[in-house]
There are 2 protein chains.
Amino acid sequence: MSSKPAIGFCGLGAMGFGMATHLVKQGYPVTGFDVYAPTLERFSAAGGTPSTSLSESAKDKAYYICMVATAQQAEQALFGDDGIVAGLPQGAVLYLTSTVPSSYAQSVEKKLADVGRGDIFFIDAPVSGGAIRAADGTLSIMAGASEAAFEKGKFLLDELTAPAKLFIVAGGVGAGSNMKMVHQVLAAIHIISVSEAFGFAARLGLNGSDVREHVIGGKAWSWMFENRSVRTLKEDYFPGASAVTIILKDTGIITSMANLVDFPVPLCSIAEQLYITGLNKDFGAQDDAGLVRLWTSEPVTSLAPLADEDKKAKLELVSNLLNGIHLCAAAEGISFAKHLGVPLAQYYELCVEAAGGSTQYKEQGTKMIDIIEGKQGHEGASLRSYRDGLKAAITEARDKKIPLHLGNGALTLIEQAGKEQSLSSLLKLYSV
Amino acid sequence: MSSKPAIGFCGLGAMGFGMATHLVKQGYPVTGFDVYAPTLERFSAAGGTPSTSLSESAKDKAYYICMVATAQQAEQALFGDDGIVAGLPQGAVLYLTSTVPSSYAQSVEKKLADVGRGDIFFIDAPVSGGAIRAADGTLSIMAGASEAAFEKGKFLLDELTAPAKLFIVAGGVGAGSNMKMVHQVLAAIHIISVSEAFGFAARLGLNGSDVREHVIGGKAWSWMFENRSVRTLKEDYFPGASAVTIILKDTGIITSMANLVDFPVPLCSIAEQLYITGLNKDFGAQDDAGLVRLWTSEPVTSLAPLADEDKKAKLELVSNLLNGIHLCAAAEGISFAKHLGVPLAQYYELCVEAAGGSTQYKEQGTKMIDIIEGKQGHEGASLRSYRDGLKAAITEARDKKIPLHLGNGALTLIEQAGKEQSLSSLLKLYSV
């Protein structure tokens, strides 16, 4: 018998399967529930104990992780007939690691009390990092809960994350989900920017392999670009590692919250329309890297290499596009975080090392936070090179009739920032 | 023999054919050139004199109208080998009625002098109103030229327009094209808003006939909606009366100029990406009303009527969408006009009665101009009902997974306008 406590787990999807089997490898007895039978077989083969009943999977489990796809699924799994909550023993710790609206996480805490299960320690703990890091136990985790809940349950979060990647966010339940949401502002914009960049590049005649090499090695780097471009080059979309429906759901959480609090999220909003367009083209269940097909139907690796000088100039246009988008994404994320009262230093630290990271965020993000917090010294940082870079890319796209939805959205913001062309004037667009 | 002077005419497309044959009906001997032989035959049947040589069509013509599609075509027709300019007699009046960048119109004036034909009176006179009004002689015309040119050549513009629809714009050559360009800000946004509205409505289950009746009869009216919806309902897109390539060209003139002078045109920019998307789907040569197919593949008239209450609520969402878009289009057009030094009172008067008109423009446009010109009394006009209306439409669209590119763009602007939610705060977004 293991000396480690038994864990219950619900939702063995791409992320959940990695998390649950990682815990198995760490010596925990894990009982896993999923609605999809083949997944349960795989889970059993990996050393887990499969379960076909939610309440059974929760029985006698002092620790239970819920990693379903949406708030609706969570509500059903937790509080439905024969659900998780009904099965949990007194004083259990319940982790909700799905990405959900913070208001939903808060409603779970309230409902537990309402149904007479205020004894359960609830931890709002969404994660980020993708399936590989889930299986490695190196996820970024953003957690909000009571002190008592953390005292009892933090050890299990430590198992799922790497040192310095567990962010305990002040504010209790809901604070973790809020942090995840503002992280996803960057993710939502960056994911579709990968496709816009590859599509633009392909239409300029650039081979995707050259594009990847150029972007990864330069200032236009983003975590999403490095991660997704592997699948773009292989056309590994079926089903791929991260479905369009997942980032569409996360984007909808952002834009719904933004509408609720009357905050503008121009680039997330453009991204959302593109994810919906992808969904309408039946790409929903496929990998989000496959959205490059909104721009080009041919594989991006099918193009003959260009002559060096031509190639260099065109790669520069692709970098310009991404730099402008990433800069504005950073402004959008940081401003929204500020508006929601999310601690900015922690937000910065989290994103730099997580799936929302980009070189622009890393370099300009601290300056933006200094400006927002009233520290001096960065107001003069100029947007001119971003503007001129975007204009060069957009002019070429206009000539070649290539849609650049995000690129034009970013240029609009930079032009709205006016003559001053400073980071400060860009951020003022979000000071509503 | 007619007592009226002989006219040369180049470019017998949808608009040009109507203009040229209208002049024929007014008793002018018109010699018309076009590259497309069947058009010349039709022109001949309508009483015109066909010509297959540009310089021949210009020979002995004291008055010559050039109505080709683009600046590139104009350059070739005017200054190419055996072109119009080579054929024109001394002291002729040359009208360029195509929609071109104002810088191009100015370059024509300069080039005439450079090639030793400073004797030609050049009038920059783009038109608006569509093929029917072209044939009726009731076009809106925006003209810039020297006083001497107008003295000699205004009578022919009077023939093509209705009283109060000829706008002599101060500023000489280029001023007419600038006025046309800012008029097209409204046209570019409104045209695609027709498709977004019908697509949204169809996806909500509304029959297109109900939508047309509702919109035409209410505050969401626009000239473009009334005009284009006839073709939307009939699926009259092949080739239809106004090709996607035409409005895409005009939109590109706007966005290129905006980039040049560093002015934000968020909704035009979104519109441009949608026109490009339509072009990439091979809709370029088809009527722009056919862009509804970016939202729905079924005919919008194919849906069964809804129950009255449900129908009413959904039609309201469609109106909300259009009202928000039209309001922001008015702000964008008026602000850009102001930025370029276009006379605002004239711009207002022109657009209200031309293809750029909308009820929102008519009602809110004067208030916007008052605010921009520093007159008091309208700063407090509230955007809240527009914002709430857009949010209702967008929430429904998010649930139903319907992309609302312009609607979201408009909501972004209104949210950027901040807590004040006034026309004044909306216009400040363009005070760069």
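What you see is a predicted model, and the numbers here were worked out from it, not measured in a lab. In what follows, chains carry the letters A, B, and so on, assigned in the order in which the sequence lines appear, proteins first and then strands, with residues in each chain numbered from 1.
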Using only distance (under 3.5 Å, no hydrogens or angles), which donor-acceptor pairs connect chain A and chain B?
residue	atom	partner	partner atom	Å
B:Arg203	NH2	A:Asn280	OD1	3.4
B:Thr255	OG1	A:Arg398	NE	3.0
B:Thr255	OG1	A:Arg398	NH2	3.2
B:Ser256	OG	A:Arg398	NH1	3.3
B:Asn259	O	A:Lys391	NZ	2.9
B:Asn259	OD1	A:Arg398	NH1	3.4
B:Asn259	OD1	A:Arg398	NH2	3.1
B:Asp262	OD1	A:Lys391	NZ	2.6
B:Asp262	OD2	A:Arg387	NH1	3.3
B:Ser269	OG	A:Asn408	OD1	3.1
B:Glu272	OE2	A:Arg398	NE	2.9
B:Gln273	OE1	A:Leu404	N	2.8
B:Gln273	OE1	A:Asn408	ND2	3.4
B:Asn280	OD1	A:Arg203	NH2	3.3
B:Asn280	ND2	A:Lys401	O	3.3
B:Arg387	NH1	A:Asp262	OD2	3.3
B:Lys391	NZ	A:Asn259	O	2.9
B:Lys391	NZ	A:Asp262	OD1	2.6
B:Arg398	NE	A:Thr255	OG1	3.0
B:Arg398	NE	A:Glu272	OE2	2.9
B:Arg398	NH1	A:Ser256	OG	3.3
B:Arg398	NH1	A:Asn259	OD1	3.4
B:Arg398	NH2	A:Thr255	OG1	3.2
B:Arg398	NH2	A:Asn259	OD1	3.1
B:Lys401	O	A:Asn280	ND2	3.3
B:Leu404	N	A:Gln273	OE1	2.8
B:Asn408	OD1	A:Ser269	OG	3.1
B:Asn408	ND2	A:Gln273	OE1	3.4
B:Gln416	OE1	A:Gln416	NE2	3.1
B:Gln416	NE2	A:Gln416	OE1	3.1
B:Lys419	NZ	A:Val432	O	3.3
B:Val432	O	A:Lys419	NZ	3.3

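- Each of A:Leu274, A:Ile276, A:Leu279 was checked for a side-chain contact (heavy atoms from CB on, under 4.5 Å) with B:Pro403, and the lone residue meeting it is A:Ile276.
- Partners of A:Ala337 under the side chain to side chain contact (heavy atoms under 4.5 Å, CB included) rule, at least two apart in sequence or in another chain, are A:Val182, A:Val342, A:Leu344, A:Tyr347.
- Each of B:Gly409, B:Pro266, B:Gly418 has some count of heavy-atom pairs under 4.5 Å with chain A, and the biggest count is that of B:Pro266.
- Using a 4.5 Å cut-off between heavy atoms, A:Leu248 contacts chain B through its side chain alone, with no backbone atom that close.
- For B:Leu411, the part lying near chain A is the side chain, with the backbone staying farther off; criterion is any non-hydrogen pair under 4.5 Å.
- Contact of A:Ile394 with chain B is made through the side chain alone, with heavy-atom distances under 4.5 Å.
- Residue A:Ile270 does not touch chain B at all, counting heavy-atom pairs closer than 4.5 Å.
- Take A:Phe200 and apply the ring-ring contact (aromatic ring centres under 6.0 Å, His included) test, not counting sequence neighbours, and it matches no residue.
- In this structure, chain B has a heavy atom under 4.5 Å from the side chain of A:Leu413, while its backbone stays farther away.
- B:Leu429 touches chain A through backbone and side chain together, each having a heavy atom under 4.5 Å away.
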